[in-house]
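Each chain gets a letter, A, B and so on, in the order the sequences are listed, and its residues count up from 1.
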2 protein chains.
Amino acid sequence: MAREQESVGALAPLAGYHLRRAWSAFSSDFSAAMEGTGLRQVPFAVLSVVAANPGINQGAVGRVLGIKRANMVSLINELVDKGLVDRAVDPNDRRAFSLKPTDGGTATLEDAVARIAAHEQRMLADLSPQEQATLLDLLGRIERRAPEIEEAA
Amino acid sequence: MAREQESVGALAPLAGYHLRRAWSAFSSDFSAAMEGTGLRQVPFAVLSVVAANPGINQGAVGRVLGIKRANMVSLINELVDKGLVDRAVDPNDRRAFSLKPTDGGTATLEDAVARIAAHEQRMLADLSPQEQATLLDLLGRIERRAPEIEEAA
DNA sequence: TATTGTTATACTCTATAACTATA
DNA sequence: TATAGTTATAGAGTATAACAATA
């Protein structure tokens with residue numbers, strides 16, 4: 001007897017539901033792609049932002065990525081402990097740390113970017129380049145509706 | 001002095017990154033939309049699947065939604081305790097529970113669906129109906145690349 | 001032997017509140 | 001008074017392993 005196909009009911013037409021499922025699929029394959037590097041999703045994102053903005057401080061990284069200050073602490077500690085990020089007191093503002101990638105961090109980022117390029121190709125294999133561009137455009141227009149991060153007054 | 005705009009670096013062209021940010025924006029607004037109902041994202045999804053497939057059991061709900069058996073237990077307990085789902089031993093298979101929505105569960109689901117419709121309209125306000133359909137199509141084609149759930153042998 | 005549901009447990013991610021040191 | 005970073009902590013969400021009852 002053939003397996004009956006269950007319906008997802010009210011979820012079927014919801015963009016939010018499909019966004020979640022698509023993201024979840026990406027997420028699993030991302031982890032597989034990064035296996036052995038010791039870099040997870042969020043630390044990779046932090047390293048990307050630090051590399052693109054040398055001298056940036058923790059709070060700014062958090063605001064760019066939607067991560068709270070309190071949660072940045074252990075993320076940066078982790079990257080510093082792994083020798084991927086250099087943390088130094090900012091001479092212009094001694095409360096803040098100035099962050100920049102180490103040489104090892106730059107190399108690790110390059111390796112990660114190559115792995116992730118392959119991962120993205122896998123996940124988007126059914127979409128034409130035109131459709132991939134459309135997807136980025138549509139997602140970008142949704143993202144802009146996100147609330148700003150950080151403790152509101 | 002104008003605030004310098006930080007770059008996200010290597011993240012900028014990644015569909016996975018934008019998927020995550022878009023989902024995150026949806027997620028926050030979903031929580032706000034459901035405020036006061038006591039229904040969160042995953043329990044709502046479970047209730048939707050139970051309502052669409054009366055008599056379904058826990059394991060099947062989990063497989064449809066990508067939730068592990070072990071994690072279904074407290075989800076179903078929660079919905080039963082709230083009086084939204086009815087759980088009875090399946091007479092055809094006494095290992096399994098047959099799940100169906102209570103009258104209260106059906107009413108709660110209807111209320112939730114209305115709130116979520118408004119939430120989706122908010123989040124997709126910048127997209128034409130045509131673009132919304134395109135988004136669902138593209139996400140659906142990504143979702144299909146997700147691995148099947150449950151303890152692989 | 002396989003499957004349904006269960007318990008116990010652990011790890012990641014995210015959230016809040018209160019603190020310090022500098023500005 | 002506001003901001004950068006910190007600590008402690010709590011709640012979701014998700015993962016594994018081992019077990020009982022039933023198929």
Side-chain angles (χ1 to χ4, degrees), chain A residues 1 3 20-21 23-25 27-28 30-32 34-35 38-46 55-80 85 87-99 146-147 149-153, chain B residues 1 3 20-21 23-25 27-28 30-32 34-35 38-46 55-80 85 87-99 146-147 149-153:
Chain A
M1 162 173 159
R3 187 73 154 50
R20 180 189 165 88
R21 294 306 297 261
W23 174 75
S24 170
S27 200
S28 300
F30 183 96
S31 299
M34 298 302 263
E35 182 121 326
L39 261 196
R40 301 180 315 280
Q41 222 171 118
V42 176
F44 164 72
V46 170
I56 196 172
N57 67 36
Q58 293 184 197
V61 173
R63 279 189 295 275
V64 171
L65 291 175
I67 300 170
K68 302 217 172 261
R69 269 182 313 150
N71 296 328
M72 284 302 303
V73 178
S74 61
L75 285 167
I76 295 295
N77 283 343
E78 179 183 335
L79 292 172
V80 170
V85 163
R87 173 175 49 191
V89 171
D90 183 336
N92 298 329
D93 181 349
R94 299 205 335 280
R95 294 171 303 181
F97 289 128
S98 174
L99 305 172
I149 258 298
E150 215 51 23
E151 297 76 35
Chain B
M1 162 172 158
R3 188 73 155 50
R20 180 188 164 89
R21 295 306 298 260
W23 174 74
S24 169
S27 199
S28 300
F30 183 96
S31 299
M34 298 301 264
E35 181 122 326
L39 261 196
R40 303 181 313 281
Q41 222 171 119
V42 176
F44 164 72
V46 170
I56 196 172
N57 67 36
Q58 292 184 196
V61 173
R63 279 189 296 273
V64 171
L65 291 174
I67 301 170
K68 302 216 171 265
R69 269 182 313 150
N71 296 327
M72 285 302 302
V73 179
S74 62
L75 286 167
I76 296 295
N77 283 343
E78 180 184 335
L79 292 172
V80 169
V85 163
R87 173 174 49 190
V89 172
D90 183 337
N92 299 328
D93 181 347
R94 300 203 337 277
R95 293 171 303 183
F97 288 129
S98 174
L99 304 172
I149 258 298
E150 214 52 23
E151 297 75 35

What's the CE-P distance between B:Met72 and C:dT7, to the nearest Å?
14 Å
Using a cutoff of under 3.5 Å, can you pull out all pairs of nitrogen or oxygen atoms linking the protein to nucleotides 11-13 of chain D, with atom names and distances?
residue	atom	partner	partner atom	Å
D:dG13	OP2	B:Arg40	NE	3.3
D:dG13	OP2	B:Arg40	NH2	3.2

Sequence neighbours left out, what passes side chain to side chain donor-acceptor pair (under 3.5 Å) with A:Asn71? Give chain and number order.
none
Measure all distances between protein nitrogen or oxygen atoms and nitrogen or oxygen atoms of nucleotides 1-4 of chain C, and list the pairs falling under 3.5 Å.
residue	atom	partner	partner atom	Å
C:dT3	O4'	B:Arg95	NH1	3.4
C:dT3	O2	B:Arg95	NH1	2.8

Side chain B:Asn71 and base D:dA15 donor-acceptor under 3.5 Å
yes
Residues in side chain to side chain donor-acceptor pair (under 3.5 Å) with B:Arg40, at least two apart?
B:Glu78
Got a sec, which residues hit side chain to side chain donor-acceptor pair (under 3.5 Å) with B:Gln58, two or more places apart in sequence or on another chain?
none
Once side-chain contact (heavy atoms from CB on, under 4.5 Å) is applied, do any residues pair with A:Ala146, and if so which ones, sequence neighbours excluded?
B:Ala25
All heavy atoms of A:Leu39 vs all of A:Met34, minimum pair found to be O-CB, 3.5 Å
Do B:Leu75 and B:Ile67 come close enough that some side-chain heavy atom pair is under 4.5 Å?
yes
If the condition is salt bridge (Lys or Arg N to Asp or Glu O under 4.0 Å), which residues does A:Asp93 pass it with, not counting sequence neighbours?
A:Arg95
Mind listing the closest non-hydrogen atom pair of A:Ala96 and A:Asn57 along with its distance?
CB-ND2, 4.1 Å
With side chains defined as the heavy atoms from C-beta onward, is the minimum distance between A:Leu99 and A:Ile76 less than 4.5 Å?
yes
Note the angle between the end axes of the helix from C:dT1-D:dA23 to C:dA23-D:dT1, five pairs defining each, rounded to 10 degrees.
0°
What integer distance in Å separates A:Phe44:CZ from C:dC13:C1'?
18 Å
Earlier contact from the 5' end, DNA chain D, for A:Asn77 and A:Ser28:
A:Asn77
Listed partners of B:Arg87 passing salt bridge (Lys or Arg N to Asp or Glu O under 4.0 Å), at least two apart:
none
Who are the side chain to side chain donor-acceptor pair (under 3.5 Å) partners of A:Ser27, not counting sequence neighbours?
A:Gln41
CD of A:Glu78 versus P of C:dC11: gap in Å, rounded?
14 Å
